[in-house]
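Written out below as structure tokens is the structure these notes cover.
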Amino acid sequence: MVVRFAPSPTGPLHIGGVRTALYNYLLARKHGGRFILRIEDTDQTRYVPGAEEYIIEALTWCGITFDEGPHIGGPHAPYRQSERKAIYAQYAHLLVEKGWAYYAFDTEEELEEMRRRFEAAGMVAPQYNAITRSYMKNSLTLPPEEVQERLQNGKYVIRFLVPRGREVRFYDEIRGWVSVHTKEMDDKVLLKSDGMPTYHLANVVDDHLMGVTHVIRGEEWLPSTPLHVLLYEAFEWEMPKFAHLPLLLRPDGGGKLSKRDGDQLGFPVFPLRWRDPSTGEVSEGYRERGFLPEGVVNYLALLGWHPSENREIFTIEELIEAFSLERVSKAGARFDFEKARWVNQQHLRAVPTARLVELIRPLWEARGLPPVSDEKLSMLIELAKERAALLPELIESVRFYYEAPTFPLSSEREGKLNPALVENLSEWIVALRELQSWTVENIEALVKHRAKSMGLPLGKVLPTLRLALTGEESGASLYHIIHVLGQGEVVRRLERFVEVYGVRPRV
RNA sequence: GCCCCGUUCGUCUAGCCCGGUUAGGACACCUCUCUUUCAAGGAGGAAACAGGGGUUCAAAUCCCCUACGGGGUACCA
């Protein structure tokens with residue numbers, strides 16, 4: 001099995017493209033096949049610098065790797081279509097010789113005029129086809145001498161000659177048989193006047209030359225597949241199998257998820273941050289948002305595919321094992337950011353704390369937070385881990401550590417303080433200061449013991465202490481918080497609290 | 001407009017090919033439980049076969065029509 005991912009470097013890869021790459025990758029790995037990256041840069045006007053590097057970096061981050069591609073080479077190099085230009089021209093001319101294609105010389109204005117004319121005659125979207133081509137300037141209508149003359153000038157395109165009266169049928173691995181009549185098809189340009197191929201030609205030629213056995217791509221290609229089928233027939237090449245993946249839809253139901261949706265949806269549509277080189281506009285990525293690559297990949301796999309068992313959480317290796325084209329659904333899938341978060345959370349919980357320390361440290365430093373040892377950081381992460389779905393939440397939920405509470409508290413929170421405890425707090429500070437061994441167990445014992453001797457339930461004691469130490473009403477285990485804060489800091493914070501509330505509690 | 005593809009809880013989906021299920025799971029939501037609290041966990045709840053015709057003893061499942069959604073309709077991919 002040989003599959004390929006063939007993006008066009010016109011900007012950042014969006015999340016739907018990542019899924020297409022993922023399904024190809026999964027299949028290649030499952031069947032021990034090869035996976036090729038091919039850059040489809042035949043439209044020179046749409047080339048965006050940095051896009052190719054972005055695509056490779058994004059897929060690498062996701063753990064999607066290739067066996068051949070522009071970045072690693074391979075037996076079918078080059079892998080950029082712009083560098084294969086001569087190959088396509090040769091094959092386009094071959095089709096002309098075989099009578100499957102012809103030269104056309106119409107200018108843009110002439111094409112425009114043709115469309116206007118036929119529209120006026122009642123056609124809605126006139127195409128260059130069996131009925132209109134006879135009115136146009138091409139090697140089918142012009143005398144041979146004029147054709148020769150125009151070819152000398154070098155300004156021509158090569159168009160496919162769609163045969164008449166045929167039903168083109170092909171089997172789609174996901175949708176079953178699809179058929180289209182050739183009267184619905186038009187004479188698509190194969191070779192552009194700049195000598196570059198269009199997608200249709202380049203894709204068929206390269207897939208054949210590179211030995212691709214399974215063409216797995218987005219559903220937007222379904223309507224042009226009949227043309228590709230005819231192209232294989234014209235070249236007398238063996239056809240690959242086709243599979244058209246359902247599209248990723250916007251959560252609001254308004255069409256397919258597109259690059260332009262950017263951040264307006266409230267969640268990233270790109271795997272990595274992207275800075276548009278011409279406008280300077282920056283779009284957020286899943287990586288920067290704090291997703292784990294395994295979380296993104298897992299969620300994406302689930303959008304349009306369902307395993308044979310009722311299970312949602314998979315590592316990439318498990319996905320390789322479980323994936324199959326037969327279980328890909330036909331209908332478009334709406335992106336659900338909440339569920340993506342949940343899937344990521346499941347993975348986050350499984351990540352060893354040591355790795356989280358490595359992931360969090362750069363974020364910690366980027367925020368300019370006070371230095372912490374690896375040991376402290378991993379204690380903090382342990383505390384935050386259970387309630388975080390995304391990486392930055394790991395830092396946000398230990399805010400108490402790097403940000404002392406500010407007093408006075410809001411009146412609502414003051415209402416939750418226990419007056420008896422507040423009055424007695426100076427004695428607690430002494431006890432805490434004198435605690436010999438600062439362990440979670442000892443702290444817990446001390447708190448419980450003093451609460452008991454005061455006749456106060458933990459439900460009164462703990463919230464008050466929490467407010468005094470963190471300013472928050474909820475969060476991780478308070479005994480652990482006290483422990484990680486350290487004896488000195490706990491005493492300092494409580495003393496500050498007493499300065500404000502101790503003498504005459506406002507409660 | 002025309003062509004192609006699609007349509008099961010709010011969302012992702014199982015079930016459809018090989019008719020007979022209390023139409024299953026997950027996210028989100030609600031209730032209860034555990035917990036100092038939040039989260040997580042546990043238990044439970046509400047929630048769907050687009051509509052209409054056939055075929056059949058029996059249709060989410062097979063056939064047809066309609067509606068709706070999406071994609072395509074470039075010298076873009």
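The sequence lines fix the lettering, A, B, ..., with proteins before strands; numbering per chain opens at 1. Since we're looking at a predicted model, the values are computed, not measured.
If you check distances only, the side chain of A:Arg334 never reaches the base of B:rC12 with a donor-acceptor pair under 3.5 Å. Side-chain N/O atoms of A:Lys339 and base N/O atoms of B:rA26 include a donor-acceptor pair closer than 3.5 Å.
If you check B:rC12, B:rA39, B:rC75 against the side chain of A:Ala333, the one that comes closest is B:rC12. Listed nucleotides: B:rC5, B:rG10, B:rA26. Nearest to the side chain of A:Glu312: B:rA26. Here the side chain of A:Leu247 is nearest to one of B:rG70, B:rC38, B:rC27, namely B:rG70. The nucleotide whose nearest atom lies closest to any side-chain atom of A:Arg175 is, among B:rG6, B:rU11, B:rU36, B:rG6. With B:rU11, B:rC4, B:rC75 as the candidates, the nucleotide lying closest to the side chain of A:Val157 is B:rC75.
B:rC5 and B:rA48: their P atoms are spaced 31 Å apart (whole Å).
Checking the phosphate oxygens (OP1, OP2) of B:rG25, no side-chain nitrogen or oxygen of A:Arg311 falls inside 4.0 Å. Between A:Lys416 and B:rU37 there is no side-chain N or O to OP1 or OP2 distance below 4.0 Å.
Looking at A:Arg166 and A:His181, their side chains never bring a donor and an acceptor atom within 3.5 Å of each other. When only modelled atom types and interatomic distance are considered, A:Tyr102 and A:Asp187 share a side-chain donor-acceptor pair under 3.5 Å.
Under a cut-off of 6.0 angstrom, the local environment of NE2 in A:His306 is crowded, with over 12 non-hydrogen atoms contributed by other residues, nucleotides or ligands.
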